[in-house]
Protein chains: 4
Amino acid sequence: MTTRKLRVGVAGLGRMGKRHAINFHELTARADVVAASTPDESERVWAAENLKGVQIYADYDEMLEKTDLEAVVVASITAVHAEQTLKAITKGLHVLCEKPLSIDVEVAQSVVSAYEESLKTYPQQKVVCGFSRRFDASYREAYERITKDEFGSPVLFRSQTADLYDTSGFFVEYAKTSGGIFVDCSIHDIDLMLWFLGEDRKLKSLQAVGVAAVHPALEASHDRDNAIATVEFEGGKIAALYCSRMMAAGQEDTTEIICSKGSVRVNMQVRKNHVEIHDSLGARRELPQHYYERFREAFITEAYEFTACCLDNTSPPISLQSSVKAVGIGQALQRSLISGEKVFFDERATKN
Amino acid sequence: MTTRKLRVGVAGLGRMGKRHAINFHELTARADVVAASTPDESERVWAAENLKGVQIYADYDEMLEKTDLEAVVVASITAVHAEQTLKAITKGLHVLCEKPLSIDVEVAQSVVSAYEESLKTYPQQKVVCGFSRRFDASYREAYERITKDEFGSPVLFRSQTADLYDTSGFFVEYAKTSGGIFVDCSIHDIDLMLWFLGEDRKLKSLQAVGVAAVHPALEASHDRDNAIATVEFEGGKIAALYCSRMMAAGQEDTTEIICSKGSVRVNMQVRKNHVEIHDSLGARRELPQHYYERFREAFITEAYEFTACCLDNTSPPISLQSSVKAVGIGQALQRSLISGEKVFFDERATKN
Amino acid sequence: MTTRKLRVGVAGLGRMGKRHAINFHELTARADVVAASTPDESERVWAAENLKGVQIYADYDEMLEKTDLEAVVVASITAVHAEQTLKAITKGLHVLCEKPLSIDVEVAQSVVSAYEESLKTYPQQKVVCGFSRRFDASYREAYERITKDEFGSPVLFRSQTADLYDTSGFFVEYAKTSGGIFVDCSIHDIDLMLWFLGEDRKLKSLQAVGVAAVHPALEASHDRDNAIATVEFEGGKIAALYCSRMMAAGQEDTTEIICSKGSVRVNMQVRKNHVEIHDSLGARRELPQHYYERFREAFITEAYEFTACCLDNTSPPISLQSSVKAVGIGQALQRSLISGEKVFFDERATKN
Amino acid sequence: MTTRKLRVGVAGLGRMGKRHAINFHELTARADVVAASTPDESERVWAAENLKGVQIYADYDEMLEKTDLEAVVVASITAVHAEQTLKAITKGLHVLCEKPLSIDVEVAQSVVSAYEESLKTYPQQKVVCGFSRRFDASYREAYERITKDEFGSPVLFRSQTADLYDTSGFFVEYAKTSGGIFVDCSIHDIDLMLWFLGEDRKLKSLQAVGVAAVHPALEASHDRDNAIATVEFEGGKIAALYCSRMMAAGQEDTTEIICSKGSVRVNMQVRKNHVEIHDSLGARRELPQHYYERFREAFITEAYEFTACCLDNTSPPISLQSSVKAVGIGQALQRSLISGEKVFFDERATKN
């Protein structure tokens with residue numbers, strides 16, 4: 001193990017950017033956050049107070065130019081993920097990019113192409129899309145036990161991303177650029193689906209239906225606040241997805257992998273912590289209110305492992321190509337959600 | 001309340017017929033089982049020992065002719081459900097028929113037509129299809145609380161019937177006449193879906209995919225052992241169904257009704273009883289091994305309430321028309337499962 | 001199996017008497033309730049409406065004298081349990097007596113003596129104290145698995161009877177004659193303790209402390225509303241008991257048997273049914289509100305099995321002597337609760 | 001917030017010492033581990049590899065003398081806790097000492113006296129005994145909600161420390177110097193009991209019984225492997241404790257605080273992570289295998305908050321006097337466990 005610390009720059013200091021900056025800066029022993037950039041002045045004020053000794057920039061390009069970085073964490077708005085990642089790739093920097101690379105699969109694929117090209121010059125360069133659930137201890141245990149064939153072959157993958165109902169109207173505004181609920185929320189489930197069922201497995205069909213139940217204004221952005229989908233793969237694998245922005249109790253991200261001889265479930269008994277209350281309302285527990293409350297540990301592990309991959313030149317746990325495939329599936333599901341059409345990837349003639 | 005006892009005949013003494021006979025005979029104070037019929041000799045031997053004082057027939061028609069019955073419980077093989085129900089209707093008898101009325105929606109509809117005609121002559125006649133979950137205390141509490149608008153409007157209905165993996169090969173043989181997994185298993189979920197989302201609600205679309213994962217021979221009967229479906233209704237209601245014959249731990253029949261301000265779940269923590277074991281394998285509980293272990297109480301309530309409806313001339317809790325609609329949806333899902341096609345019930349032009 | 005029905009008389013038609021009467025009358029195929037007695041006129045009115053064909057008496061002695069009974073269910077107030085049981089014993093009748101036989105161990109023992117004497121004349125006579133938990137499916141599974149040595153030797157028995165807080169003041173009045181919380185509530189746990197650790201096992205010590213937290217008036221009756229106890233047996237077995245009349249959410253009767261290689265828990269996740277609610281309060285379930293809501297099935301089984309023992313001359317599942325021992329332990333715990341003294345049953349010299 | 005980092009020395013690099021060293025060194029942004037001491041050579045080898053830039057000493061006194069420390073973390077064997085803490089106090093250093101300060105209440109009290117004396121010279125000095133559960137998010141939520149009077153007044157505190165059965169024989173050896181199971185294991189529950197019921201609350205009585213069920217050799221050291229206790233306080237508060245070294249499934253540390261209008265439970269559904277398995281054994285989850293697997297987060301918070309107290313001169317969340325009181329109660333319980341005698345702290349004459 002080297003004692004050298006990875007010199008990291010953080011792009012974007014919004015909600016997730018702040019968390020990444022703190023995680024790399026304070027909780028990742030082998031990393032130093034040396035710079036951060038954000039066009040938002042209030043975020044720069046926050047940085048001046050909370051990121052001691054870190055050089056703060058208003059401009060991403062300037063940060064890349066003026067700082068001696070080895071790695072960049074891209075936590076900006078989704079619209080610039082691909083562009084900022086590409087610029088860092090060009091400079092030979094390692095990149096951890098927040099999901100998704102892009103809401104457009106072709107743009108996302110262009111990042112992969114650039115990375116593959118760049119590897120010829122910088123063979124040790126790492127570019128990772130930060131699908132945080134891949135770093136969660138429970139998902140990892142599920143994956144390892146299934147991979148060791150404890151429960152036979154996976155048949156049905158069922159997963160959901162279900163957010164607490166936000167009455168602020170944020171989602172309606174956000175939906176205009178988010179790529180839609182399947183690209184924004186379900187992307188995590190899609191990534192897990194590929195992980196558990198096989199990243200190279202060929203799609204046969206997919207289909208989605210949904211409603212705008214509590215945010216009717218989403219219709220105008222061709223989006224929905226509740227949607228369900230089925231996905232069919234070659235080799236006898238199927239998947240059922242659910243995404244929602246309407247949960248009353250909290251964040252309910254649950255996954256089941258039903259195999260031929262048993263099944264593994266992650267987070268089916270959603271709970272915030274170890275507390276249970278018994279009172280006149282019965283027996284109750286509280287739920288995480290948002291994504292980070294459930295996955296904070298996974299993000300810290302992500303920072304730790306990304307750093308280790310860069311310093312030790314080991315393989316990251318997620319392939320960039322798989323991240324692009326996830327975007328493609330998300331886009332196709334979103335299209336099906338709006339058009340109502342089932343999408344087939346195989347020859348229709350093979351139906352019996 | 002009358003002290004008169006309802007004179008009941010039971011048609012069929014297979015697994016469910018035996019249970020119905022005992023429930024009506026021993027656990028329903030207001031009913032007397034006076035006759036039972038079965039073409040199976042071993043079942044008649046069982047009846048001679050276990051149904052004391054009950055007249056046993058080999059032939060259903062003979063039972064109807066020779067016994068002074070007020071009501072018939074049809075628990076024969078599915079293939080004769082409709083025919084036996086029709087004969088009893090013609091004689092003005094009350095009928096409790098095991099689900100489904102028929103695996104064919106047109107045959108099922110013919111029973112409804114006959115019943116409607118018969119009501120002109122026997123206005124107090126009751127004909128009920130025995131969807132046992134409608135008599136389950138937990139489903140009823142869920143229904144009542146949602147109906148009282150505790151959680152806002154239902155948006156997503158999600159439900160599954162998942163049977164213990166039967167390695168005896170029974171299902172493969174059974175599938176040849178069962179109507180398929182959506183008609184045989186999911187019919188309960190479909191009935192609940194109609195109950196919770198509205199029996200008169202119009203369908204927009206449905207679609208199913210599945211695999212024959214552990215019973216590959218099912219393919220030959222155009223059936224599957226795992227299938228998932230989406231159903232779309234008018235008025236912003238959607239449903240996700242799962243059916244399986246591959247569960248490793250036991251019967252896992254679970255239902256969620258996700259409403260705009262909360263959700264109700266039934267049986268999400270599946271368990272056989274109140275026992276939990278902690279040993280070197282961790283903390284564990286056992287599951288019901290079959291349908292009856294989960295729903296025995298509901299069947300007893302069903303016998304009790306059907307009897308009360310007949311004696312007191314009150315309305316049964318399930319409309320016969322809804323039971324026929326459930327068969328129609330089951331058939332359509334099964335066709336979609338095999339063809340791979342999404343089925344639309346509305347004008348395609350309305351898609352946005 | 002005989003088709004003969006056991007001719008049962010029910011003494012007392014209060015809350016539990018009504019339930020026993022209905023259970024034997026309507027849900028026990030092999031029993032006929034032919035008579036019932038109660039000094040309470042409103043209970044006799046209830047009986048006239050709900051126990052069709054049953055002869056109703058105001059006087060217990062008259063019922064015994066004028067009816068041709070084979071068995072009596074004693075469900076009167078505790079103060080007359082022993083007396084009514086003794087009278088029935090004298091007449092050679094089978095008896096199912098509600099717990100406890102008496103709040104005084106000597107009185108309870110006198111019932112055993114009378115029964116033992118009576119057996120010389122009526123060798124098939126059955127006298128059973130109705131500890132309903134012994135008929136509960138979960139407790140039975142726990143007992144069978146431990147008896148089969150699945151988890152090694154039992155070391156710690158931990159159990160509680162915890163009632164919903166009753167703000168009506170009933171308990172304060174009731175406590176004046178109940179024998180105290182350990183005789184009234186914990187008697188069930190004590191019975192289970194003897195069952196699981198060995199009915200013949202010798203006591204070494206016991207000790208209790210408690211408070212009158214929400215019913216301070218209990219102090220005047222030398223009673224408490226919350227109490228904890230430890231009990232020590234020969235052979236390396238210990239027990240911890242908790243009893244309460246202060247539960248906010250419902251009835252919480254839980255039991256753990258911790259053995260050398262594993263443990264069995266009964267009802268640790270207390271719940272009324274299969275419903276779970278997720279709303280702005282979190283995820284919650286309701287609890288049984290009283291004893292019968294948890295143990296209704298056990299009482300029906302009790303009626304069924306008591307009837308079978310009488311008709312088939314088989315052994316009842318609870319020894320009367322053990323029921324008396326339970327009363328003795330309950331009394332000793334209650335004395336310790338009030339005096340604060342630890343009670344030793346062995347030679348003090350054996351302490352190391 | 002200051003950017004200055006607290007200069008920390010770690011005494012002892014055994015199991016807990018290593019964890020503290022890493023937590024302070026890598027996960028506590030405001031602390032620098034500048035030195036560590038251990039008489040164990042293999043631990044020094046570990047330190048050379050894992051604590052880069054940290055000065056390693058074989059001798060504690062030498063570390064104190066030669067290093068410019070502000071704070072010491074005492075994680076040595078219990079036998080030297082008090083001595084090392086006293087030496088650091090004398091030098092005006094802040095101290096975080098692993099529990100217990102001593103297995104002897106008088107020695108523990110001498111540390112408090114020395115600290116009180118030292119405060120005259122070093123008024124900002126912090127000395128904290130590391131009861132990690134006080135830093136656990138679930139215990140804190142329980143404490144806050146009770147303190148806000150959400151559930152009325154606490155009446156019964158029930159808590160247990162139950163370790164996985166260790167078949168290596170370690171405990172038998174360890175018991176010779178551990179102070180006994182109530183001082184070693186239950187000290188955490190005792191500390192929580194004082195926290196939840198009131199650190200200044202006067203004791204009325206206590207009593208314990210136990211067995212050496214799986215480690216019979218413990219008898220020779222006057223110890224047991226399973227023990228239960230009752231504790232009685234002035235003001236109508238009672239407590240029930242259980243400690244065990246015999247758990248088959250893992251670490252089961254659970255706590256219930258039963259109040260007059262509701263109750264709070266911590267960790268009653270013990271689980272290692274979010275995974276649940278359904279297979280032929282039923283539905284199961286795994287448990288933490290040891291203390292640190294359950295409380296790792298709490299230890300990191302402890303390091304973070306201890307550091308903040310020292311740098312910002314704020315009050316630590318645990319009073320040293322309470323930690324000493326916990327030792328006294330643990331010793332008294334252990335004596336009662338072995339003698340069999342109940343211990344009274346009040347006037348016996350007050351018994352009614």
Side-chain angles (χ1 to χ4, degrees), chain A residues 151-156 158 160 162 165 204-214 216 219 222 224-233 235-242 244 246-249 252 254 256 258-263 268-269 336 338-342 344 346 348 350-352, chain B residues 151-156 158 160 162 165 204-214 216 219 222 224-233 235-242 244 246-249 252 254 256 258-263 268-269 336 338-342 344 346 348 350-352:
Chain A
F151 312 109
S153 177
V155 172
L156 170 65
R158 185 156 57 167
Q160 70 181 39
Y165 180 16
K204 284 179 72 177
S205 78
L206 59 78
Q207 185 268 156
V209 295
V211 294
V214 292
E219 301 257 4
H222 300 297
R224 304 288 183 266
D225 53 24
N226 280 271
I228 48 178
T230 60
V231 184
E232 203 183 1
F233 288 89
K237 314 288 186 194
I238 51 179
L241 305 177
Y242 173 45
S244 177
M246 191 186 74
M247 291 295 106
E252 305 203 28
T254 64
E256 296 164 89
I258 302 178
C259 307
S260 55
K261 293 174 187 163
S263 58
M268 292 299 284
Q269 268 242 299
S336 174
I338 301 307
S339 73
E341 299 295 337
K342 184 168 181 176
F344 295 91
D346 56 351
R348 298 307 314 279
T350 63
K351 296 281 160 197
N352 60 340
Chain B
F151 312 109
S153 177
V155 172
L156 170 65
R158 185 157 57 166
Q160 69 180 41
Y165 180 16
K204 284 179 71 179
S205 77
L206 59 79
Q207 184 268 156
V209 296
V211 294
V214 292
E219 301 255 5
H222 300 297
R224 304 288 184 264
D225 53 24
N226 281 270
I228 48 179
T230 60
V231 183
E232 202 182 2
F233 289 89
K237 313 287 184 194
I238 51 178
L241 305 177
Y242 173 46
S244 177
M246 191 186 74
M247 292 294 105
E252 305 203 27
T254 64
E256 295 163 89
I258 301 178
C259 307
S260 55
K261 293 175 186 161
S263 59
M268 292 300 283
Q269 267 242 299
S336 174
I338 300 308
S339 73
E341 298 296 337
K342 184 168 181 175
F344 294 91
D346 55 351
R348 299 306 314 280
T350 64
K351 297 281 157 198
N352 60 341

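To find a chain, count down the sequence lines: A is the first, B the second, and so on, and within it residues start at 1. The structure presented is a predicted model; accordingly, all values stated were derived computationally and were not measured. The figures that follow rest on heavy atoms only: side chains count, while hydrogens, waters and symmetry mates do not.
Heavy atoms closer than 4.5 Å to chain B are found in the backbone of A:A208, but not in its side chain. Contact of A:V155 with chain B is made through the side chain alone, with heavy-atom distances under 4.5 Å. Looking at B:A239, the atoms closer than 4.5 Å to chain A (heavy atoms on both sides) all sit in the backbone: N, CA, C or O. In this structure, no portion of A:A249 lies under 4.5 Å from any heavy atom of chain B.
Of the inter-residue distances, the one linking B:T230 atom OG1 with A:Y242 atom OH reads 14.0 Å to the nearest 0.5 angstrom. The distance from atom OG of B:S336 to atom NZ of A:K342, rounded to the nearest 0.5 Å, is 5.5 Å. Atoms CZ and CD1, from B:R158 and A:I228 in turn, are 8.5 Å apart once rounded to the nearest 0.5 Å.
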| request: Quick one: do A:I258 and B:M247 satisfy side-chain contact (heavy atoms from CB on, under 4.5 Å)? Show the steps, please. | output: CA-CA 8 Å; A:I258 302 178; B:M247 292 294 105; 3.7 Å; yes
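In terms of non-hydrogen atom pairs under 4.5 Å with chain B, the most contact-rich of A:K261, A:K237, A:Q269, A:M268 is A:Q269. Between chain A and the residues B:G210, B:G262, B:S153, B:S260, the largest count of heavy-atom pairs under 4.5 Å involves B:S260.
The shortest non-hydrogen separation linking A:S205 to B:V209 is OG-CG1, 4.1 Å.
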